[in-house]
Amino acid sequence: MIYIYNDFGGTHTTALAAAYHLKKLDETHVPTKNEILNTHNFNKLVYKDRGKFYFHGRDEEGNKVYTMGRGRSKILVPGIFNLIDMLIEEKTLDEKIILSNTSPTVPFSMTCGGMLSRWLKIDFIGVPLLVIGAKQAYQDIINLVHHTKKVAKSSSSQLIMLDNKDFK
């Protein structure tokens with residue numbers, strides 16, 4: 001199986017979701033500032049990185065975990081979905097793929113922090129807001145990861161796209 005967590009920038013909730021999925025962050029407590037800031041790709045990606053897949057590792061079952069930022073595009077994820085669907089139909093792809101949107105877990109503080117840090121390069125204000133947001137959202141992100149894994153295991157579909165709007 002291949003899990004692909006996606007959101008606007010691909011550098012905050014997606015990075016945290018991948019870390020929780022891979023058990024690189026402990027689910028039993030609110031993450032510390034250092035744990036958040038040391039998460040692979042957290043607050044590191046920029047505009048030109050959108051649309052790229054970033055490999056984060058294999059989970060305990062050997063499944064690959066990726067993240068991707070989609071920017072403002074409303075067609076990127078559906079386009080990827082259609083491409084994967086075509087590859088499945090053509091029998092050139094036999095892995096199960098799960099596209100999971102982490103955007104609904106983004107709190108306001110993380111939105112502001114991301115804009116200040118990534119767009120305006122004002123890290124001394126943006127980064128603390130991102131840390132606050134990551135701490136606020138940690139349980140929602142964990143719940144989203146558990147939901148994503150549960151749907152992936154229980155569904156017979158080879159291709160799944162989760163919008164996760166229930167996590168707002």
Side-chain angles (χ1 to χ4, degrees), residues 1-61 63-74 76-77 80 98-152 160-168:
M1 245 186 290
I2 298 173
Y3 291 90
I4 303 169
Y5 292 101
N6 67 86
D7 74 355
F8 182 82
T11 193
H12 299 121
T13 58
T14 56
L16 295 168
Y20 284 117
H21 186 118
L22 296 167
K23 303 192 182 322
K24 293 179 179 180
L25 284 176
D26 185 349
E27 294 184 3
T28 64
H29 69 273
V30 177
T32 66
K33 176 183 176 181
N34 283 339
E35 288 172 326
I36 294 163
L37 296 178
N38 289 318
T39 296
H40 177 65
N41 277 355
F42 187 85
N43 203 39
K44 304 239 180 351
L45 304 181
V46 294
Y47 183 81
K48 69 178 177 67
D49 297 321
R50 301 226 172 100
K52 293 180 186 175
F53 292 98
Y54 289 91
F55 180 67
H56 288 259
R58 289 183 179 264
D59 68 15
E60 67 277 4
E61 296 176 5
N63 302 308
K64 297 174 195 165
V65 178
Y66 289 84
T67 59
M68 180 193 71
R70 63 177 183 274
R72 288 188 183 106
S73 175
K74 303 275 188 222
L76 181 61
V77 174
I80 290 169
I98 300 87
L99 298 159
S100 186
N101 177 15
T102 63
S103 292
T105 64
V106 178
F108 184 67
S109 57
M110 189 175 278
T111 299
C112 293
M115 286 181 2
L116 288 165
S117 179
R118 297 290 76 205
W119 290 4
L120 300 175
K121 308 294 185 215
I122 306 173
D123 284 343
F124 75 95
I125 298 171
V127 171
L129 286 171
L130 287 167
V131 170
I132 289 167
K135 289 180 178 198
Q136 288 173 336
Y138 98 100
Q139 192 59 60
D140 290 336
I141 296 169
I142 291 167
N143 292 341
L144 182 141
V145 168
H146 286 282
H147 172 73
T148 300
K149 287 180 170 184
K150 181 180 175 189
V151 170
I160 302 163
M161 183 165 44
L162 301 173
D163 64 14
N164 296 319
K165 288 187 178 165
D166 293 341
F167 289 89
K168 279 191 175 187

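Residue indices begin at 1 and follow the sequence shown. Everything quoted here is computed from the prediction, not taken from an experiment.
A 6.0 Å sphere centred on CZ of F108 holds no more than 12 heavy atoms belonging to other residues, nucleotides or ligands. Counting non-hydrogen atoms of other residues, nucleotides and ligands closer than 6.0 Å to NZ of K150 gives a total of 12 or fewer.
Note that CZ of F55 is 12.0 Å distant from CD1 of I4, once rounded to the nearest 0.5 Å. Taking OG1 from T39 and CG from L25, the interatomic distance works out to 4.0 Å, rounded to the nearest 0.5 Å.
Classified by interplanar angle (parallel below 30°, tilted 30° to 60°, perpendicular above 60°), the ring pair Y5/H21 is perpendicular.
Annotation for G113 and L129: closest pair CA-CB, 3.7 Å, computed over non-hydrogen atoms. Counting all heavy atoms, side chain and backbone alike, Y66 lies closest to K64 at CE1-CB, 3.7 Å. Nearest heavy-atom pair across A134 and L16 is CB-CD1, 3.7 Å. Residue L45 comes nearest to G9 through the heavy atom pair CD1-O, 4.2 Å, listed as atom of the first residue, atom of the second, then distance. Looking at every heavy atom in both residues, Y3 comes nearest to A152 through OH-CB, 3.5 Å. For S109 against Q136, the heavy-atom pair with the smallest separation is OG-OE1, 2.7 Å.
Proximity of H12 to N43: side-chain heavy atoms (C-beta onward) are separated by under 4.5 Å at one or more points. Counting only heavy atoms from C-beta outward, the side chains of L37 and V131 approach each other to under 4.5 Å. The shortest side-chain heavy-atom distance between N41 and H56 falls under the 4.5 Å cut-off.
Judged purely by atom type and a 3.5 angstrom limit, K23 has no side-chain atom pairing as donor or acceptor with the backbone of Y20. R118 places no side-chain N or O within 3.5 Å of a backbone atom of V46 that could act as its donor or acceptor partner.
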field: side-chain hydrogen bond (donor to acceptor under 3.5 Å, both in side chains) assessment of T102 paired with T13
entry: CA-CA 6 Å; T102 63; T13 58; 2.7 Å; yes
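Side-chain contact, D59 with N63: a donor N or O sits under 3.5 Å from an acceptor N or O. Judged by distance alone, the side chains of S103 and N101 do bring a donor and an acceptor atom under 3.5 Å apart. For the residue pair S117 / D123, a side-chain donor-acceptor distance below 3.5 Å is found, with atom types taken as modelled.
Under the salt bridge (charged side-chain N to carboxylate O under 4.0 Å, His left out) criterion, the residue pairs touching residues 129-149 are E60-K149, with sequence neighbours excluded. Residue pairs that meet the salt bridge (charged side-chain N to carboxylate O under 4.0 Å, His left out) test with at least one member in residues 24-51, sequence neighbours left out, are D49-K52.
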